[in-house]
Amino acid sequence: LGDSAWGVQFPPEFDAATIRSYFRSRSYQIVADGQHPAWLSEKIWDTLHSAGLLGRYFNVVKYKA
């Protein structure tokens with residue numbers, strides 16, 4: 001904080017299993033919103049990009065702060 005605030009728009013610490021669990025626990029709301037939780041869950045997968053993103057983010061913040 002100070003002159004700047006830093007953030008990301010997604011939780012990079014979440015993996016596919018975590019997101020699928022979240023979808024299961026919120027399936028009633030997802031259905032109420034007109035979506036299909038099982039179909040959406042099939043579209044979730046782990047990616048190497050998010051694992052590296054958090055480390056790069058902290059490196060940028062460390063040198064800018």
Side-chain angles (χ1 to χ4, degrees):
L1 296 176
D3 293 336
S4 300
W6 296 78
V8 294
Q9 293 185 334
F10 73 99
E13 71 279 9
F14 283 18
D15 61 7
T18 302
I19 298 297
R20 284 188 196 104
S21 176
Y22 176 78
F23 271 39
R24 280 191 301 276
S25 71
R26 303 285 299 175
S27 63
Y28 66 92
Q29 184 61 51
I30 294 170
V31 170
D33 290 342
Q35 299 296 322
H36 303 278
W39 182 84
L40 291 170
S41 290
E42 291 174 5
K43 308 300 180 209
I44 300 168
W45 64 89
D46 286 319
T47 175
L48 297 176
H49 300 290
S50 61
L53 178 63
L54 192 57
R56 291 190 308 274
Y57 170 80
F58 283 120
N59 283 332
V60 168
V61 171
K62 178 172 63 175
Y63 292 112
K64 300 284 184 181

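Position 1 is the first residue of the sequence, and the numbers go up from there.
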| field | Point-to-point distance, once rounded to the nearest 0.5 Å, from OG of Ser21 to CZ of Phe14 | value | 9.5 Å
| task | Kindly compute the distance separating CD1 (Ile19) from CG (Asp46), expressed to the nearest 0.5 Å. | result | 10.0 Å
| remark: In this structure, CD1 of Ile30 is separated from CZ of Phe23 (nearest 0.5 Å) by 5.0 Å
| field | Side chain proximity check, Val31 to Gln35, heavy atoms < 4.5 angstrom | value | no
| request: Assess whether side-chain contact (heavy atoms from CB on, under 4.5 Å) is satisfied between Asp33 and Gln29, documenting all intermediate values. | output: CA-CA 6 Å; Asp33 290 342; Gln29 184 61 51; 3.0 Å; yes
| CZ of Arg20 to CD of Glu42: how many Å apart, nearest 0.5 Å? | 9.5 Å
| request: State, without any angle test, whether Tyr28 and Arg26 hold a side-chain donor-acceptor pair at a distance under 3.5 Å. | output: yes
